[in-house]
There are 2 protein chains.
Amino acid sequence: MATISDVAKLAGLSVSTVSRVINNSPHVSVKKRSLVESAMDQLGYVPLPAARQLRGSKTNTMAVTIPRIVNPFFSYLVDAIEQRLDEAGYSTLIVQTFSRPEEELTALNLLKNQQVDGVILCSIENPWSVIGNYTKYGKIVLVNEYLKDDIKVPTIRANQYDGFYRATNFLFEKGYKKIAYATGRKSITFVKRGENFDADRFAGFQDSLNEHGSGFSHDWLFTSAHTAEDGKTILKQIMSLQDKPDVIIAGSDEVAMGILQEAEVEKVKVPEELGVLGVDDQPVSASLRVPLTTIKQPVNEMGQEAAKAMLKLMAGETISKEEILKLKIIERASV
Amino acid sequence: MATISDVAKLAGLSVSTVSRVINNSPHVSVKKRSLVESAMDQLGYVPLPAARQLRGSKTNTMAVTIPRIVNPFFSYLVDAIEQRLDEAGYSTLIVQTFSRPEEELTALNLLKNQQVDGVILCSIENPWSVIGNYTKYGKIVLVNEYLKDDIKVPTIRANQYDGFYRATNFLFEKGYKKIAYATGRKSITFVKRGENFDADRFAGFQDSLNEHGSGFSHDWLFTSAHTAEDGKTILKQIMSLQDKPDVIIAGSDEVAMGILQEAEVEKVKVPEELGVLGVDDQPVSASLRVPLTTIKQPVNEMGQEAAKAMLKLMAGETISKEEILKLKIIERASV
DNA sequence: TTTGATTATGAAATCGTTTCCACAAATACA
DNA sequence: TGTATTTGTGGAAACGATTTCATAATCAAA
């Protein structure tokens, strides 16, 4: 491995000059510059990242946190982010948090340890009182989820309240009366809009319910629903209920698929006996046995905007704190 | 950010001693050791990776290359790898190559630049003559695909020849006679077993064909098939054929899904008019409109074995060069 | 005791860069 | 023409760790 001084020696110049060429800073004569350049590619020289980092310069790496990469919503989100970052010459470090706060801290510590220039959080596992401390070490951007605190970090997200409000209205228009609700959260203790991601969804749902004078049974709330397996369990639970809902907002397409699968097994007709509304619009949702009606998240847009925001931040620009995109209802056959 | 000398100062000792404690090398008295330890967590000290790397020690990071993260086969593979690596204290850098040789080199250069301790290649975009050069910079493990050259790097893969041979036999048993074949490769110019991943698949297919005295029309070969979109195109092409196949091996579940989708649109009955055999067994394949019969890849096993192999390599153990797992035919309804 | 090995500790060199500082040469301004 | 600025260049310090080397203290064997 050639070092900077090998290059300097070959070019007959000082390491300082070589370094100036590498970082193309001014005050280098054209003659010497080309001398250095030819020496560099003669030796196949590439600066050692660790050494540059040690001096406190850029790492040209970004961390992106997601709960799990096998969740298509997040793999597409990451994909969109990475694409943009790539164009700008950054490499991307994907960190799976598995929804564990400690793992999120691992990612944030990369900032502290100068291993990355910034981190893009696609989910939030720690309170702002913890995350906020890391802003002094590097740039942070929030995507998808958000924090209600008065924070200074750019946030790119979709309007979950509006989307769920409209979606619930849509269900009423379709003639449904008894709407069940599934979510990934462990519990829904908050119902005020503007608290966070899940609260917004639930608030939108509730507001529509109230406007339609519709009741909501506690039996119709299903928490900790993440996987298709969870979906299957939910369907079984629904069918064992005295007072059954006639439609369910599944929280995610994955859960919706599980519900659909188990409905097939249990011979429950969708959408006649039970409507199923997904969330996300995964690529496969259209080719399910019963094509899934779903609330589409603007994944690509969010990813791209998040990357853009981060890049602007890196360029020292100040940017608007919040960008709110719109959810879209994709009507197919399951509702 | 506290440095090692801050710790040394607080503990009233030299940096050497602190370093010894950090790397728990011998010859440190219990008393001083605990002195250093309390100083360390009093300051919240964490060694700066860049500085350690500069001295040539471990990075505790592994790179994993995959064509694309949104491909579920690879996201599950990565997931399995990362899980194991995580347990061993390594973090994982996921590099998407988009099937471009240059991007694969980017990943291999991480080795050269001492940014990672090893790289796990889940696909192969460069010849061994290129990849082999990097073994001197760090450890390399091949998963999923393989190279026929006499290489020294551990390879974990599935027996594609055997799987496709059995799958084709299975189609004949089912009464199919005219079998089409789709693949992601740009062309199939090799048909000899043992050349590579795709050749093995095709050879297994061909051998079964020959044994059954069955012909193969060039019109029934579809190349560059990656996405569901490609699958849709393929179905249209098939339907425009004079001499139509009665079943197709789709190359991947994604392509199979596209075929299924378009078959729905074109009112082609599956499996009556056209059988569709997928490859991979993605989680959703079971809940498609027509549940997909598919050749299941041992993704989890491969990922775990690959990670294990890498860890053994890092520990200085020599390991058997090749581990070959078995493909499994999952029978559902599309064939 | 004396000698030799082992253990515990610190000083200083080292890794490969960037950047501050010094200084000379060239250019601009009066 | 003299002074002030700009441009070009190299030397050396700095970044934060690890590691080699030297030395002092302790222990074991004679």
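In what follows, every chain begins at residue 1, and chains take the letters A, B, ... in the order their sequences are listed. Keep in mind it's a predicted model, so treat the numbers as computed, not measured.
Of the residues in residues 36-49 of chain B, B:Tyr45, B:Val46, B:Pro47, B:Leu48 come within less than 4.0 Å of DNA chain D through at least one heavy atom, sorted by number. Interface residues of residues 8-19 of chain A facing DNA chain D, ordered by number: A:Leu13, A:Ser14, A:Ser16, A:Thr17; criterion, heavy-atom separation under 4.0 Å.
With values rounded to the nearest 0.5 angstrom, B:Phe74 atom CZ is found 10.0 Å from B:Ile81 atom CD1.
Under a 3.5 Å cut-off, the side chain of A:Glu104 and the backbone N or O of A:Glu125 do form a donor-acceptor pair.
For the pair B:Leu35 CG and C:dT9 C1', the computed distance is 13 Å after rounding to whole Å. Between the P atom of C:dT27 and the NE2 atom of A:His27 lies a distance of 15 Å, rounded to the nearest Å. Between A:Asn23 atom CG and C:dC20 atom C1' there is a gap of 15 Å when expressed in whole angstrom units. We find that CZ of A:Arg52 is positioned 13 Å from C1' of C:dT19, with the value rounded to whole Å. Between B:Leu54 atom CG and C:dC15 atom C1' the separation is 4 Å, expressed in whole Å. Atom pair A:Gln53:CD and C:dT19:P shows a separation of 14 Å (rounding to whole Å applied). Between A:Lys31 atom NZ and D:dT7 atom C1' the separation is 15 Å, expressed in whole Å. Taking atom CD1 of residue B:Ile4 and atom C1' of nucleotide D:dA14, one finds them 16 Å apart after rounding to whole Å.
Residues B:Gln297 and B:Gln160 bring a donor and an acceptor atom of their side chains to less than 3.5 Å of each other. Using a 3.5 Å distance cut-off with no hydrogens or angles, the side chains of B:Asn113 and B:Tyr137 do not pair a donor with an acceptor. A side-chain N or O of B:Ser14 and one of B:Thr17 form a donor-acceptor pair less than 3.5 Å apart. With hydrogens and angles left out, the side-chain atoms of A:Glu82 and B:Gln96 include a donor and acceptor closer than 3.5 Å. With no hydrogens or angles considered, no side-chain donor-acceptor pair links B:Ser320 and B:Glu322 at under 3.5 Å. B:Ser99 and B:Thr97 share no donor-acceptor pair across their side chains, judged by distance under 3.5 Å alone.
Phosphate proximity of C:dT14 to B:Arg55: absent, as no side-chain N or O sits under 4.0 Å from OP1 or OP2. Phosphate contact (OP1/OP2 of D:dG8, side-chain N/O of A:Lys32, threshold under 4.0 Å): absent.
Of the candidates C:dT18, D:dT18, C:dG16, C:dT18 carries the atom nearest the A:Ile22 side chain, counting heavy atoms from C-beta on.
A:Glu305 has no carboxylate O lying under 4.0 Å from a charged side-chain N of A:Arg84, or vice versa, which leaves the two without a salt bridge.
A heavy-atom distance below 4.5 Å is not found between the side chains of A:Asp86 and A:Thr92.
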Test B:Tyr134 against B:Leu105 for side chain to side chain contact (heavy atoms under 4.5 Å, CB included), laying out the working first.
-> CA-CA 10 Å; B:Tyr134 287 87; B:Leu105 287 182; 4.0 Å; yes
Write out a two-atom table: protein N or O, nucleotide N or O from nucleotides 21-25 of chain D, distance below 3.5 Å.
none

